[in-house]
Amino acid sequence: MASPCSTKILDFCQVLPAYDSPESATEFSLPLTFFDMLWLKLPPVQRLFFYQLTDPSATPAFFNTVILPKLKHSLSLTLVHFLPLAGHLTWPPNLPKPFILYTPNDGVPFTVADSDADFDRLSSDNILNAVELHPYVPELPISDTMASLLALQITLFPNKGFSIGYSINHALLDGKSIIMFMKYWAHISKHGENGKQNSSMLLEELAPFYDRSGIEDPLELGNLYLSQWESLAESEPMSNPRSLKLLPQLGADIKRVRSTFHLTREEINKLKNKVLSQLENPIPLSTFVVTCAYVLVCMVKARGGDGSRMVWFTFAVDCRRRLDPPLPANYFGNCVAVHDVSTEARDIMEGNGFSSIAKRLSGVIEGLKKGLFQRAADMAPRLKNAIITGAQVIGLAGSTRFDVYECDFGWGRPKKVEIISIDKTGAISLTQSRDGNGGIQIGLALSKDEMEAFASLFVDGLKHLQ
C-alpha cells in the first residue's frame with residue numbers, strides 16, 4: 001500500500017488571454033452544433049501529463065521562478081487564439097439553446113499545488129488505487145446558468161517533476177481539439193511565438209478553425225439531443241431542464257484500481273494474423289480494430305458471470321474528413337459520431353470470440369462509408385436501456401492519433417500521460433506508445449479482482465500468439 005501523502009493548493013487564479021491592450025479584447029461567441037449538443041451534460045474529460053525533471057530544474061526554486069511563470073505566460077499567449085476556452089457555456093432565458101461566449105476579463109481557472117506523493121510510482125504502469133491520481137486534476141466550475149469550459153492544474157513534486165492536469169467541458173470540444181490546444185501551448189512555452197524555424201507553419205496548422213457554417217443538420221439531431229437532455233432533467237424531482245450542470249459520473253461510487261498495459265507493433269501484427277486465420281474471407285483489419293477486440297475479450301472474460309448478459313461497446317469516430325464537404329483538420333469543436341457494437345457476453349468469451357468481435361468492429365467501420373449517423377437518433381435511449389438492463393457497458397476514451405507525447409513544454413516529453421476520467425466511467429483509454437514505434441498504451445480502471453484477472457488474461461493471450 002502507498003504511504004499517506006498530501007497535496008496542498010498553493011495558488012488559484014484565472015489566466016486571461018494576453019491582449020496587447022485591454023481595448024483590443026472583444027466578445028467572441030460560438031453556437032453549438034449538433035455534434036456539441038450530444039455531449040451537453042456529460043461529465044468532464046480529464047487528462048494528466050507527468051513531466052520528470054533533472055537537477056537543477058527539479059528544485060522548487062527553479063519551478064517557482066522559471067517553470068511556473070513560463071507556463072502561465074505561454075498559456076496567456078495561447079488563449080488569444082483559443083478564446084472559447086477562456087469563456088463560458090451560457091443559456092440566457094430568452095434563447096432556445098445554450099451557446100459559447102467569451103467576454104473581456106474571462107479567463108481559465110488555474111490551480112497551482114504541490115505534493116509529497118511518490119512521483120515515480122504515480123507515473124508508472126503499476127496498479128494504483130484510482131483515487132490516488134484525482135488530486136492532480138482540477139474541478140470544472142459549473143452552475144445552473146454558467147459553465148466553465150477548461151480548468152488547469154499544475155502540481156509540483158519537489159525534486160522530481162511536475163504534472164499538468166486538465167478538465168474540459170465536452171460540450172465545447174472533442175479530444176482532437178483539446179490536444180491541438182495543448183500542443184500549441186507547449187510549442188509557445190518551449191520556443192516562443194517566433195523562436196523556432198518553421199514555427200509559424202506549425203502554429204498555423206494548430207490554429208483553431210471556428211467556422212461552423214459548413215456543418216448541416218438535415219436530421220435535426222441538435223434539436224433531438226437537446227430535447228432528450230431536457231426530458232432527462234424533467235424526470236428528476238426539482239430539476240431545472242435548462243440547467244448547465246453536468247450529469248453525475250456513472251459508476252462514480254465504484255472503488256477501482258488503475259493500470260497500464262502495452263501492445264507492441266509486433267504483437268499487434270500477430271493479433272491481426274490470428275483474426276485472419278480464423279476467418280474464411282479476409283476483412284480490413286486496422287490496429288484500432290484488433291486492439292479494441294483483444295481488450296474487450298480480456299475485459300469480458302475478467303468480469304465472468306452470466307454469459308447471456310449484453311456487452312455494449314461504444315466508440316467515437318472523427319468526422320472532419322468524412323463530411324461532405326470535409327472540414328479542415330484544425331476544426332475546433334466536437335466533430336465525432338458515436339457508434340456501437342453489442343453482443344451477448346458468451347459470443348466474446350467462447351470459441352473464436354476475438355475474431356468474431358473484430359469482424360463486427362471492422363464491419364461497423366466499413367459501414368461508415370454508407371452513413372456516419374446511422375442510428376444516431378436513438379443512441380441515448382439505447383444506452384439508457386443498456387444500463388437499466390444490466391449490460392456491461394464499455395466506452396472508449398482517447399485515440400492513438402493524438403500524439404499526446406509530443407506535448408513538450410521545454411523540459412522534455414511527458415514521462416506518462418493518463419486519462420483520469422476513465423476512473424469513473426470504466427472506459428478503455430488508448431494512447432500511442434511513448435517510444436513512437438507503433439505500439440499502443442492501454443489504460444484501464446477496474447475493480448481489483450477484475451484487474452488481476454484482466455492482467456493474467458492479457459499477458460497469457462499474448463504469450464500464445466504465433
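Between Arg121 and Glu132 the shortest side-chain heavy-atom distance falls below 4.5 Å. The side-chain heavy atoms of Leu296 and Ile394, taken from C-beta on, include a pair separated by under 4.5 Å. Within the 4.5 Å cutoff, the side chain of Phe63 has no heavy atoms near those of the Asn159 side chain. Looking at heavy atoms from C-beta onward, Val275 lies out of side-chain contact with Tyr294 at the 4.5 angstrom threshold.
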Show the numbers, then the answer: is there a salt bridge (Lys or Arg N to Asp or Glu O under 4.0 Å) between Asp125 and Lys416? CA-CA 9 Å; Asp125 292 341; Lys416 185 73 178 294; 3.1 Å; yes
Residues Arg256, Asp423; criterion side-chain contact (heavy atoms from CB on, under 4.5 Å); working and verdict: CA-CA 7 Å; Arg256 291 189 167 106; Asp423 295 351; 5.6 Å; no
Please report the C-alpha distance between His88 and Ser148 in whole Å, then the side-chain angles of each, then the deciding distance to 0.1 Å, and finally whether the side-chain contact (heavy atoms from CB on, under 4.5 Å) criterion is met. CA-CA 5 Å; His88 295 85; Ser148 293; 3.9 Å; yes
Show, in sequence, the C-alpha distance, side-chain angles and deciding distance for Ile428 and Phe315, and conclude whether the side-chain contact (heavy atoms from CB on, under 4.5 Å) test is met. CA-CA 10 Å; Ile428 304 164; Phe315 59 97; over 6 Å; no
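Here the closest heavy-atom approach between residue Trp91 and residue Glu230 is recorded as CH2-OE2, 3.6 Å. A pairwise comparison of heavy atoms in Ala358 and Ile283 identifies O-CD1, 4.4 Å as the closest pair. Minimum interatomic distance between Leu206 and Phe82 (heavy atoms only, all atoms of both residues): O-CZ, 3.7 Å. Nearest heavy atom pair, residue Leu122 against residue Ala117, reads CD1-CB, 3.8 Å.
Using modelled atom types, no side-chain atom of Arg321 and backbone atom of Pro326 make a donor-acceptor pair closer than 3.5 Å. Not a single donor-acceptor pair under 3.5 Å links the side chain of Glu406 to the backbone N or O of Asp403. Proximity of a side-chain donor or acceptor of Asn437 to a complementary backbone N or O of Gly439 within less than 3.5 Å is not detected. Distance alone, capped at 3.5 Å, is enough to place a donor-acceptor pair between the Gln153 side chain and the Pro135 backbone.
Arg265 CZ: 12 or fewer foreign heavy atoms inside a 6.0 Å radius. Atom NZ of Lys359 has 12 or fewer neighbouring heavy atoms from other residues, nucleotides or ligands inside a 6.0 Å radius. Under a cut-off of 6.0 angstrom, the local environment of NZ in Lys160 is sparse, with at most 12 non-hydrogen atoms contributed by other residues, nucleotides or ligands. Enclosure of atom CD in Glu266 is not indicated, since only 12 or fewer non-hydrogen atoms of other residues, nucleotides or ligands lie within 6.0 angstrom.
Listed by first and then second residue, the side chain to side chain donor-acceptor pair (under 3.5 Å) pairs involving residues 362-373 are Glu366-Lys369 (not counting sequence neighbours).
In this model, a donor atom of one side chain and an acceptor atom of the other lie less than 3.5 Å apart for Tyr405 and Gln441. For Lys448 and Asn129, the side-chain atoms include no donor-acceptor pair closer than 3.5 Å.
Every residue meeting the ring-ring contact (aromatic ring centres under 6.0 Å, His included) condition with Phe454, not counting sequence neighbours, appears here in chain and number order: Phe261, Phe458.
For an aromatic pair to be called close, the ring centres must be under 6.0 Å apart, and Phe409 with Trp185 satisfies this.
Interatomic distance, Ile440 CD1 to Ser433 OG, rounded to the nearest 0.5 Å: 7.0 Å. With rounding to the nearest 0.5 angstrom, the CG atom of Asn330 is 9.0 Å from the OG atom of Ser177.
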Throw together a table of side-chain donor-acceptor distances under 3.5 angstrom for residues 333-343, partners on residues two or more places apart or in other chains.
| unit_1 | atom_1 | unit_2 | atom_2 | d |
| --- | --- | --- | --- | --- |
| Asn334 | OD1 | His170 | ND1 | 3.1 |
| Asn334 | OD1 | Asp174 | N | 3.3 |
| Asn334 | ND2 | Asp36 | OD1 | 3.0 |
| Asn334 | ND2 | His170 | O | 2.5 |
| His339 | NE2 | Leu372 | O | 2.8 |
| Asp340 | OD1 | Arg382 | NH1 | 3.2 |
| Asp340 | OD1 | Arg382 | NH2 | 3.2 |
| Asp340 | OD2 | Arg382 | NH1 | 3.2 |
| Thr343 | OG1 | Asp347 | OD2 | 2.9 |

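Ring geometry for Phe373 versus Phe34: interplanar angle over 60°, hence perpendicular rather than tilted (30 to 60°).
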